[in-house]
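Numbering of residues begins at 1 and proceeds along the displayed sequence.
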Amino acid sequence: MVFSGIDCVLNRELAIYCSSELTTGLRLYEILRGHGLKTASELKKKMGEAWFEANIFGTNVKAATEFAKSVRATLSDNTMVITPAPFTAPGWSQPEYLAFWETLIRTRVKAVWFNRNWQFSNGCTFELAVALHAPVPIYDHLGKLLDRHQATQCIEHAIQQLDQEGFDASKLRENLVRLHAAEVGSPV
């Protein structure tokens, strides 16, 4: 049903997808550092689910929405811009969200733009691997074409930084493997 609704809006055109940190990312890690914690679960336990929703997820949704608006403002045509930020599907797991956005990127998107600090986000790095495998052109937050080598270096640097600080970077590593698999044409 969701794809049917999107198709009604896109009217057989391809959109630009704006990828931004939502549930993980640099903002989360900075707040974890400030509280001397290592995981989102610890932060939720200490501060409460409502605090987490307002200060991590809610703040990220606002930033993602603003990013999508800024990308739309740079376009000279009428290309639709999609941000996953406001979308909710009660009962969906994180893998279900990722599968949905993967299908959208592969079938209804002509380019993916990545917001600042995308390389710290599990979701953004997944979407990058999908876009490169699709293949769909990828751009940084300024609209500069981002190549596979640059993207790989960004993710590797983020992993190194998080490892040095004792954070779990396993999902970023998984997505780096997906990125390398996309290079050789394997399924992502």
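Note: Ser93 OG to Leu98 CG = 8.5 Å, rounded to the nearest 0.5 Å. Taking CG of Leu146 as the reference point, atom SG of Cys154 lies at 6.0 Å (rounded to 0.5 Å). Taken to the nearest 0.5 Å, the CG atom of Leu43 stands 8.0 Å off from the NZ atom of Lys46. Atom CD of Gln94 sits about 8.5 Å away from atom NZ of Lys171, to the nearest 0.5 Å. Distance OG1/Thr125 to CH2/Trp118: 7.5 Å, rounded to 0.5 Å.
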Which is it for Thr79 and Lys110 under the side chain to side chain donor-acceptor pair (under 3.5 Å) test, yes or no, and what are the steps along the way?
CA-CA 10 Å; Thr79 299; Lys110 67 179 180 179; 3.1 Å; yes

Could you go through His35 and Glu42, starting from their C-alpha distance and side-chain angles, then the distance that decides it, and tell me whether this counts as side chain to side chain contact (heavy atoms under 4.5 Å, CB included)?
CA-CA 10 Å; His35 288 278; Glu42 292 173 340; over 6 Å; no

From CA spacing to verdict: side chain to side chain contact (heavy atoms under 4.5 Å, CB included), Ile155, Leu128:
CA-CA 10 Å; Ile155 297 169; Leu128 182 122; 4.2 Å; yes

Test Ile56 against Thr23 for side chain to side chain contact (heavy atoms under 4.5 Å, CB included), laying out the working first.
CA-CA 7 Å; Ile56 302 294; Thr23 58; over 6 Å; no

Pair Phe3-Thr103, side chain to side chain contact (heavy atoms under 4.5 Å, CB included): steps then yes or no:
CA-CA 9 Å; Phe3 283 123; Thr103 301; 3.5 Å; yes

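The backbone N or O of Arg178 lies less than 3.5 Å from no partner atom in the side chain of Asn175, so there is not a single donor-acceptor pair. A donor-acceptor contact shorter than 3.5 Å is absent between the side chain of Tyr29 and the backbone of Phe167. Of the possible polar contacts, none joining the Gln161 side chain to the Ala158 backbone as a donor-acceptor pair under 3.5 Å is found. A distance-only check finds a donor-acceptor pair linking the side chain of Glu21 to the backbone of Leu26 [under 3.5 Å]. With Gln150 contributing its side chain and Asp147 its backbone, the two residues share a donor-acceptor pair below 3.5 Å.
Summarising the local packing, CZ of Arg116 is surrounded by 12 or fewer heavy atoms from other residues, nucleotides or ligands at distances under 6.0 Å. Heavy atoms of other residues, nucleotides or ligands lying less than 6.0 angstrom from NZ of Lys38 number more than 12.
In terms of hydrophobic clustering, with Ile, Leu, Val, Met, Phe, Trp and Tyr side chains grouped at heavy-atom distances under 4.5 Å, Leu75 and Tyr17 are assigned to different clusters. Residue Trp113 is not grouped with residue Phe120 when hydrophobic side chains (ILVMFWY) are merged at heavy-atom distances under 4.5 angstrom, including chains of intermediate members.
Glu127 pairs in a side chain to side chain contact (heavy atoms under 4.5 Å, CB included) with only one of the listed residues (Leu132, Ile105, Val136, Asn122), which is Ile105.
A heavy-atom distance below 4.5 Å is found between the side chains of Thr152 and His180. Between Thr39 and Asp168 there is no side-chain heavy-atom pair separated by less than 4.5 Å. Counting only heavy atoms from C-beta outward, the side chains of His157 and Gln119 never approach each other to under 4.5 Å. Side-chain contact between Leu145 and Ile138 is absent, with no heavy-atom pair separated by less than 4.5 Å. Under the 4.5 Å side-chain criterion, counting only non-hydrogen atoms from C-beta, Leu37 is not in contact with Ile31. Here the side chains of Phe52 and Leu28 are in contact, with some heavy-atom distance below 4.5 Å. Side-chain contact between Val71 and Ile16 is present, with heavy atoms from C-beta onward closer than 4.5 Å.
The hydrophobic cluster containing Leu22, built from Ile/Leu/Val/Met/Phe/Trp/Tyr side-chain heavy atoms closer than 4.5 Å, also comprises Phe57, Val61.
Shown here for Thr107 and Leu14, the closest heavy-atom pair between the two residues is O-CD2, 3.9 Å. The two residues Thr83 and Ala68 make their nearest non-hydrogen contact at CB-CB, 3.8 Å. When every heavy atom of Phe67 is checked against every heavy atom of Ser19, the shortest pair comes out as CE2-O, 3.9 Å. When every heavy atom of Val81 is checked against every heavy atom of Arg72, the shortest pair comes out as CG2-CD, 3.6 Å. Nearest approach of Ile82 to Ala15, heavy atoms of both residues: CD1-CB, 3.7 Å. Across Arg148 and Leu179, no two heavy atoms sit closer than the pair NH1-O, 3.5 Å.
Classification of the Phe100-Phe87 ring pair by plane angle, with boundaries at 30° and 60°, yields parallel.
A salt bridge is absent between Lys62 and Glu66; no separation between the charged side-chain nitrogens and carboxylate oxygens falls under 4.0 Å. Taking the charged nitrogens against the carboxylate oxygens, Glu30 and Arg27 have no contact shorter than 4.0 Å, which rules out a salt bridge. Salt bridge absent: Arg12 and Asp7 never bring a charged side-chain N and a carboxylate O closer than 4.0 Å.
Donor-acceptor pairing under 3.5 Å is recorded for the side chains of Gln153 and His149.
Taking the ring centroids of Trp101 and Phe126, they lie at or beyond the 6.0 Å cut-off. Between Tyr139 and Phe114, the ring center distance fails the sub-6.0 Å criterion.
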